[in-house]
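These notes concern the structure reproduced below.
Since this is a predicted model, take the numbers as computed values, not measurements.
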Amino acid sequence: MGRIRNAAAHDPLSDLYLPQIEQFRIPLVERGAALTGSASHEDADARVVVYRMGAFGVVTSHRIRVKRAMPFVERGVPGLCVTTLSADSLALCPVARPGRPRAAGNVAVFGQERYERSCPLRAGSVQDAVSVTLLPDWFRRWEGPSEAAALRLIETAAETCVNGPERSLDALLRSVTPLFGGALADERRLFRCVEKVVALTVAWYVERERAEAACGTLGQARLVRAARHLVLQHLQEDLSLARIAHDLLVSRTRLCEAFRRETGEGLGSYVKRARMERAEALLAVGAVPVAEVARAVGYGRTASFTVAFERAHGCSPSAWRRSPRVARP
């Protein structure tokens with residue numbers, strides 16, 4: 001078992017928590033195996049707990065009550081992330097979302113690459129999360145089919161976990177942080193918890209693959225998940241059906257047929273809906289200009305975005321932002 005290093009020196013893994021620490025000006029102190037800290041000022045009330053797991057990964061948790069609308073810089077490293085999120089945090093996560101997110105306890109599973117992106121934080125929003133992020137080397141210790149399944153999961157997953165072990169995963173993640181009713185963990189308990197989280201997640205993925213293979217839909221389901229992931233990651237870019245099919249190395253006809261069979265929705269309709277859902281989340285942040293929202297969801301001209309938004313919502317983006325339906329602090 002590797003030692004957990006508590007140093008906050010900058011390295012790739014610190015990208016997973018230093019942006020929060022720096023932006024919200026949170027002083028850190030060592031408490032056993034954890035780094036903990038809190039801050040309260042004009043921007044937010046924020047608390048964090050971080051565990052560093054040697055060279056393998058990081059367990060992070062934060063409770064942030066945002067007081068002032070602001071952009072937030074988020075960074076990622078290659079690997080697998082399993083996280084439980086508040087509804088406000090899930091809205092900013094580039095994963096396929098359930099029809100009715102819960103106020104808390106939304107479990108998302110996704111493979112990620114190295115990235116840096118800016119997310120708008122709405123005043124009054126509740127940014128709660130507990131995350132386990134593991135580098136690929138963690139899974140190379142497993143060997144055999146389990147390692148292969150875990151590495152496939154890193155490459156393909158980008159969605160919320162529903163009709164699976166989400167309640168168990170939420171409870172396990174919360175158990176190692178006092179921010180959500182758990183307790184600080186020593187090194188041994190932390191590693192046991194992380195092993196359980198990963199084992200449950202990989203088992204859920206393997207069972208889903210088995211069920212899809214038994215139904216003869218595995219290839220179709222993988223293609224549709226890849227298409228959804230590509231769309232959510234690139235809403236600010238050209239997302240023509242031809243471009244999506246080209247990037248996924250399939251014909252446009254096969255892609256569109258698979259998407260409709262799997263979801264009951266046309267891929268073009270899904271792209272439009274995803275753009276509008278992201279636009280709603282951005283418009284709810286009063287500090288983000290409409291022109292910037294338009295660019296963020298793939299419209300080069302604000303006028304074109306306004307027309308599309310009016311068709312979808314029956315009112316202009318500015319009018320929608322002023323309406324009572326938009327959550328307020």
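- Atom-to-atom distance recorded for Arg47:CZ and Arg65:CZ is 8.0 Å, nearest 0.5 angstrom.
- Distance check: Leu28 CG to Thr36 OG1 gives 7.5 Å after rounding to the nearest 0.5 Å.
- The side-chain hydrogen bond (donor to acceptor under 3.5 Å, both in side chains) search around Ser86 returns Ser89, not counting sequence neighbours.
- Inter-residue side-chain proximity for Thr83 and Leu173 is flagged as unmet; no heavy-atom pair is nearer than 4.5 Å.
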**OP:** Carefully, step by step, assess Ile244 and Val271 under the rule side chain to side chain contact (heavy atoms under 4.5 Å, CB included).
**Re:** CA-CA 10 Å; Ile244 299 172; Val271 172; 4.1 Å; yes
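- More than 12 heavy-atom neighbours from other residues, nucleotides or ligands sit within 6.0 angstrom of CZ on Arg261.
- Take Tyr299 and apply the ring-ring contact (aromatic ring centres under 6.0 Å, His included) test, not counting sequence neighbours, and it matches Phe305.
- When all heavy atoms of Pro317 and Val290 are compared, the pair lying nearest together is CB-CG1, 4.1 Å.
- Inter-residue side-chain proximity for Phe139 and Leu153 is flagged as unmet; no heavy-atom pair is nearer than 4.5 Å.
- Atom CZ of residue Phe110 and atom SG of residue Cys81 lie 3.5 Å apart, to the nearest 0.5 angstrom.
- Of the possible polar contacts, one joining the Ser316 side chain to the Ala319 backbone as a donor-acceptor pair under 3.5 Å is found.
- Residues passing the side-chain hydrogen bond (donor to acceptor under 3.5 Å, both in side chains) test with Asp88 are Arg122, sequence neighbours excluded.
- In this structure, the side chains of Phe309 and Val293 stay at 4.5 Å or more apart for every pair of heavy atoms.
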Subject >> Derivation of the salt bridge (Lys or Arg N to Asp or Glu O under 4.0 Å) call for Glu195 and Arg141 >> reply: CA-CA 12 Å; Glu195 286 281 16; Arg141 303 174 302 124; 3.3 Å; yes
Original post:
Going through the checks in order, is the side chain to side chain contact (heavy atoms under 4.5 Å, CB included) test met by Leu134 and Ile154?
Top reply: CA-CA 10 Å; Leu134 298 171; Ile154 291 174; over 6 Å; no
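- From Leu18, atom CG reaches atom CZ of Arg75 across 7.5 Å, with rounding to the nearest 0.5 Å.
- At a threshold of 4.5 Å between non-hydrogen side-chain atoms, the residues Gln236 and Arg295 do not count as touching.
- Partners of Arg167 according to the side-chain hydrogen bond (donor to acceptor under 3.5 Å, both in side chains) rule, which considers only residues two or more places apart in sequence or in another chain, do not exist here.
- Legend: ring pair (Phe, Tyr, Trp, His ring centres under 6.0 Å) pairs involving residues 236-260, not counting sequence neighbours, sorted by first then second residue: Phe259-Tyr270.
- In this structure Ala185 satisfies the side-chain contact (heavy atoms from CB on, under 4.5 Å) test together with Tyr51, Val176, Arg189, Leu190, sequence neighbours excluded.
- Summarising the geometry, atom CG belonging to Leu121 is positioned 5.5 Å from atom CZ belonging to Phe24; distances are rounded to the nearest 0.5 Å.
- Remark: Glu209 pairs with Arg152, Arg222 by the salt bridge (Lys or Arg N to Asp or Glu O under 4.0 Å) rule, at least two apart or across chains.
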Subject >> From CA spacing to verdict: side chain to side chain contact (heavy atoms under 4.5 Å, CB included), Glu30, Leu35 >> reply: CA-CA 5 Å; Glu30 293 188 14; Leu35 296 168; 3.7 Å; yes
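- Heavy atoms of other residues, nucleotides or ligands lying less than 6.0 angstrom from CZ of Arg254 number 12 at most.
- Val126 and Leu90 fall into different hydrophobic clusters, defined by Ile, Leu, Val, Met, Phe, Trp and Tyr side-chain heavy atoms under 4.5 Å apart, directly or through other members.
- Applying the salt bridge (Lys or Arg N to Asp or Glu O under 4.0 Å) rule to Arg311 yields no partners; only residues at least two apart in sequence or on another chain are considered.
- Across Thr302 and Ala294, no two heavy atoms sit closer than the pair CA-CB, 4.2 Å.
- Residues satisfying the side-chain hydrogen bond (donor to acceptor under 3.5 Å, both in side chains) criterion with Arg174, sequence neighbours excluded, are Asp170.
- Side-chain contact annotation: Glu265 with Thr263, donor-acceptor N/O pair under 3.5 Å absent.
- Without hydrogens or angle criteria, His62 side chain to Gln127 main chain gives a donor-acceptor distance under 3.5 Å.
- Of all the heavy atoms in Thr177 and Ser61, the pair that sits closest is OG1-OG, 2.9 Å.
- Cluster annotation: Leu200 is connected to Val197 through the hydrophobic network of ILVMFWY side chains, with a link wherever side-chain heavy atoms come within less than 4.5 Å.
- Residue pairs meeting the salt bridge (charged side-chain N to carboxylate O under 4.0 Å, His left out) criterion with at least one member in residues 230-251, sequence neighbours excluded, are Glu237-Arg243, Arg243-Asp247.
- Two different hydrophobic clusters hold Leu223 and Leu218 under the rule that ILVMFWY side chains link at heavy-atom gaps under 4.5 Å.
- The two atoms that bring Leu169 and Cys161 nearest to each other are CD1-SG, 4.5 Å, heavy atoms only.
- Evaluation of the salt bridge (Lys or Arg N to Asp or Glu O under 4.0 Å) rule for Glu212 yields Arg225 as partners, not counting sequence neighbours.
- Atom CG of residue Leu13 and atom CZ of residue Phe56 lie 11.0 Å apart, to the nearest 0.5 angstrom.
- The shortest side-chain heavy-atom distance between Val194 and Trp138 falls under the 4.5 Å cut-off.
- With Ser131 contributing its side chain and Thr133 its backbone, the two residues share no donor-acceptor pair below 3.5 Å.
- Here the side chain of Arg321 pairs a donor or acceptor atom with the backbone of Leu283 at under 3.5 angstrom.
- Nearest approach of Ala221 to Glu262, heavy atoms of both residues: CB-OE2, 3.7 Å.
- Lys67 meets the salt bridge (Lys or Arg N to Asp or Glu O under 4.0 Å) test with Asp45; sequence neighbours excluded.
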**OP:** Check the pair Val48 / Tyr17 against side chain to side chain contact (heavy atoms under 4.5 Å, CB included), numbers first and verdict last.
**Re:** CA-CA 9 Å; Val48 299; Tyr17 61 90; over 6 Å; no
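- For the residue pair Leu184 and Ala34, the shortest heavy atom distance occurs at CD2-CB, 3.9 Å.
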